[in-house]
Amino acid sequence: MAAAATGLTWILEAMKILVLNGPNLNMLGVREPAIYGKRTYSDLVGFIQREAGALGVDVCVRQSNCEGELVSWIQSALGEFDAIVINAAAYTHTSVAILDALKAVALRTVEVHLSDPSAREEFRSRSYVSLAAEAVFKGRGFDSYADALRHLAKVEV
Ligand code: DQA
């Protein structure tokens with residue numbers, strides 16, 4: 001009403017978020033269910049899409065077992081997405097290449113994990129992704145992804 005009266009038109013574009021999942025996350029449901037649960041990777045994708053729909057954000061969800069493919073998807077996000085949510089899985093603890101790609105595009109980045117890596121083996125306590133992330137959500141299973149989407153939807157300026 002107010003917009004019509006002043007002749008202003010507001011076009012609100014949904015925030016576009018790229019959700020990246022790293023190696024072995026395609027094995028959810030089979031992989032170490034005591035740690036990662038019994039739900040499958042396609043359950044996770046459906047969960048993320050439903051959460052995104054409820055928040056009014058657009059998501060593109062991708063998974064790769066290959067470090068270079070993840071790097072290429074991060075690079076391609078520039079100009080296409082507003083933010084990245086990333087569970088780099090084992091590459092979290094090893095990949096300077098993924099860290100450098102995240103720093104290169106300088107998009108808002110949120111790190112997620114199903115488990116809490118810092119409460120597990122010592123080698124999981126280092127995260128290279130954290131060096132480029134504005135927030136980390138971990139240890140809450142699928143809900144870690146919901147927390148990340150809510151964080152981005154809420155604090156966008
Ligand atoms: C993980 C934790 C990592 O340490 C592990 O290598 C994974 C999954 C998680 O979501 O809890 O593959 O990122």
Side-chain angles (χ1 to χ4, degrees), residues 15-55 57-78 80-156:
M15 188 181 199
K16 290 167 76 176
I17 301 173
L18 176 62
V19 181
L20 291 180
N21 290 302
N24 301 305
L25 289 168
N26 56 312
M27 297 291 287
L28 287 179
V30 173
R31 175 190 188 198
E32 299 180 273
I35 296 174
Y36 299 113
K38 290 188 180 152
R39 288 183 290 177
T40 65
Y41 182 70
S42 76
D43 292 336
L44 176 63
V45 174
F47 175 86
I48 293 167
Q49 287 169 340
R50 281 191 301 280
E51 289 294 318
L55 288 166
V57 298
D58 286 347
V59 280
C60 171
V61 187
R62 290 181 175 156
Q63 188 276 332
S64 178
N65 295 324
C66 302
E67 184 177 23
E69 190 162 38
L70 293 162
V71 167
S72 295
W73 285 339
I74 293 166
Q75 291 180 3
S76 303
L78 194 56
E80 295 293 323
F81 292 92
D82 302 304
I84 296 173
V85 171
I86 183 166
N87 183 350
Y91 291 138
T92 305
H93 317 300
T94 62
S95 181
V96 178
I98 288 175
L99 169 62
D100 284 349
L102 292 169
K103 288 172 93 169
V105 298
L107 289 167
R108 294 184 64 194
T109 298
V110 178
E111 176 180 0
V112 294
H113 298 283
L114 296 158
S115 67
D116 178 357
S118 57
R120 298 174 61 191
E121 301 96 325
E122 202 275 329
F123 65 82
R124 295 184 202 274
S125 58
R126 163 180 289 185
S127 168
Y128 287 101
V129 171
S130 286
L131 300 173
E134 67 180 43
V136 183
F137 297 97
K138 58 187 181 179
R140 295 201 348 102
F142 285 12
D143 284 336
S144 296
Y145 290 78
D147 292 345
L149 294 177
R150 281 191 211 114
H151 168 86
L152 286 167
K154 211 185 310 171
V155 300
E156 193 197 7

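Source: prediction; values computed, not measured. Whatever order the structure lists them in is the order used to number ligands and atoms, beginning at 1.
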Practice item. Assess whether side chain to side chain donor-acceptor pair (under 3.5 Å) is satisfied between Y145 and N21, documenting all intermediate values. Key: CA-CA 11 Å; Y145 290 78; N21 290 302; 2.6 Å; yes

Review point. Side chain, backbone, both or neither: which part of N87 comes within less than 4.0 Å of ligand 1 when only heavy atoms are counted?
Key: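 Near ligand 1, N87 shows its side chain, while the N, CA, C and O stay back.
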
Check your understanding: Taking atom CZ of R126 as the centre, does the number of heavy atoms from other residues, nucleotides or ligands within less than 6.0 Å exceed 12?
Key -> no

Check your understanding: Under 3.5 Å between some N or O of ligand 1 and some N or O of L25?
Key -> no

Does [X] reach the side chain of [Y], with side-chain heavy atoms less than 4.5 Å apart?
{"X": "I48", "Y": "L149", "value": "yes"}
{"X": "P117", "Y": "K138", "value": "yes"}
{"X": "L55", "Y": "R150", "value": "yes"}
{"X": "F137", "Y": "E111", "value": "no"}
{"X": "V85", "Y": "L152", "value": "yes"}

Distance to 0.1 Å, residue and atom name: give those for the protein heavy atom nearest to [atom].
{"atom": "atom 8 (C) of ligand 1", "value": "Y36 OH, 3.5 Å"}
{"atom": "atom 1 (C) of ligand 1", "value": "H113 ND1, 3.7 Å"}
{"atom": "atom 4 (O) of ligand 1", "value": "H93 NE2, 2.7 Å"}
{"atom": "atom 11 (O) of ligand 1", "value": "S115 OG, 2.6 Å"}
{"atom": "atom 9 (C) of ligand 1", "value": "L114 N, 3.4 Å"}
{"atom": "atom 12 (O) of ligand 1", "value": "R31 NH2, 2.8 Å"}
{"atom": "atom 6 (O) of ligand 1", "value": "R124 NH1, 3.0 Å"}

